[in-house]
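The sequence lines fix the lettering, A, B, ..., with proteins before strands; numbering per chain opens at 1.
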Protein chains: 2
Amino acid sequence: MVKRTSFEGDACPIARSLDALGDWWSLLIIREALFGLRRFGEFQSKLGMAKNILAARLRSLVDRGILATAPASDGSAYQEYVLTPKGRGAFPILVALRQWSEEFDDHPEEIATILVDREKGRPVKKLEMHAEDGRLLSPADTTLKPRPAPRRRSAS
Amino acid sequence: MVKRTSFEGDACPIARSLDALGDWWSLLIIREALFGLRRFGEFQSKLGMAKNILAARLRSLVDRGILATAPASDGSAYQEYVLTPKGRGAFPILVALRQWSEEFDDHPEEIATILVDREKGRPVKKLEMHAEDGRLLSPADTTLKPRPAPRRRSAS
DNA sequence: CTCCATTAGTTTCATCATGAAACTAGATTG
DNA sequence: CAATCTAGTTTCATGATGAAACTAATGGAG
């Protein structure tokens, strides 16, 4: 059992996310799915990845509830892969990755696209983290706390 | 050249970020570094990863300007690994991954920690995306545009 | 209905990456 | 200066990846 370590049982939520999304292709598949791709062949030609790897990734994403197979929207007998709410929920991760690249990449001139506000066509601002009361938070304004034990029924 | 495909030259900023951070360990190393870890042995024992892999990752992260080696803060002759601004800039990525897990994980009761506002001790809100003018944007409110060609000197 | 092309995979095989353990050089401690 | 600790490197077995060939089912042309 020299297996590539899994973070499935890890208590850290970051590790748990990485267990599902942290390989080289899953997030790119989700990116394309958000962009509207649905068919095996579309993913394969757009991403240029090996078909066996794509098949394995799609299976994993379906198993984890990130994609679902749907019985074809154009009437053909083939199936399609569509994002579940869980899959669409990965959007902020993609935005965060994009913005990190936009801000820190050594060759930003090679970046082909920018994410813009559809209405105005202007670049979106950086992701913001806010407190419950609305205050804008910087990393230093945050800290980690142990998760409170889930209370059963009512408070003690 | 059956090498694991690199996204280094890819025009997609998400792929470019994944090229630097998209392996199983890099983001966890950054997480620990944000938490204050600095020494090789600290990372190794905290993450429980093989030392050769850790050494390779640290080297890669230093090469990419995400970590820097510093000549020891406690006077010893060993070196330390500290985050650069580029490394600290990955904070939103970690928050996005954490929040995705908090929202969609099948076993959220296994998650040990929550990210809170230091001042109030209350959980932070989900990351928000805003337009330049401050409007809150949903994914559907955004679209991709080709990056405008960089103008030289003045406008045409 | 038949034949051919397309789609969506699976199989095979070579190579790369990962992980565990042993090993090592230099730093630190007693 | 001997024992130990730190920070790695080396070695080797195994798992993951990728390219290409192969296959079964579908779709389309005539």
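Atom CD1 of A:Ile53 and atom C1' of C:dA17 are 13 Å apart (whole Å). Rounding to whole angstrom units, CH2 of residue A:Trp24 and P of C:dA17 are separated by 10 Å. Distance B:Gln44 CD to C:dA21 C1': 12 Å, rounded to the nearest Å. One can place CG of A:Leu18 at 14 Å from P of C:dT18, the figure rounded to the nearest angstrom. Rounded to a whole Å, the CH2 atom of A:Trp25 is 14 Å from the P atom of C:dA17. Rounding to whole angstrom units, CD of residue B:Glu80 and C1' of D:dG8 are separated by 16 Å. Taking atom CG of B:Asp19 as the reference point, atom P of C:dA17 lies 12 Å away to the nearest angstrom.
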Exercise. Summarise how protein sits on nucleotides 6-12 of chain C as a single string, 5' to 3': B when a protein heavy atom is under 4.0 Å from the base, S for sugar-phosphate-only contact, - for no contact.
Key: BBBBBBB
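Here the closest non-hydrogen pair linking A:Ser101 and B:Arg16 is OG-CB, 3.7 Å. The nearest pair of heavy atoms linking A:Val82 to A:Ala70 is CG2-CB, 4.2 Å.
Judged by the 6.0 Å distance and 45° axis criteria, B:Lys51 is not positioned over the aromatic ring of B:Phe40.
Mapping A:Ser76 and A:Ala50 onto DNA chain D by nearest heavy atom places A:Ala50 at the nucleotide closer to the 5' end.
By the 4.0 Å N-to-carboxylate-O rule, A:Arg98 lies close enough to A:Glu102 to be salt-bridged with it.
Defined by atom type and a distance below 3.5 Å, a donor-acceptor pair is missing between the side-chain atoms of B:Ser60 and B:Asp63.
Judged purely by atom type and a 3.5 angstrom limit, A:Glu80 has no side-chain atom pairing as donor or acceptor with the backbone of A:Ala68.
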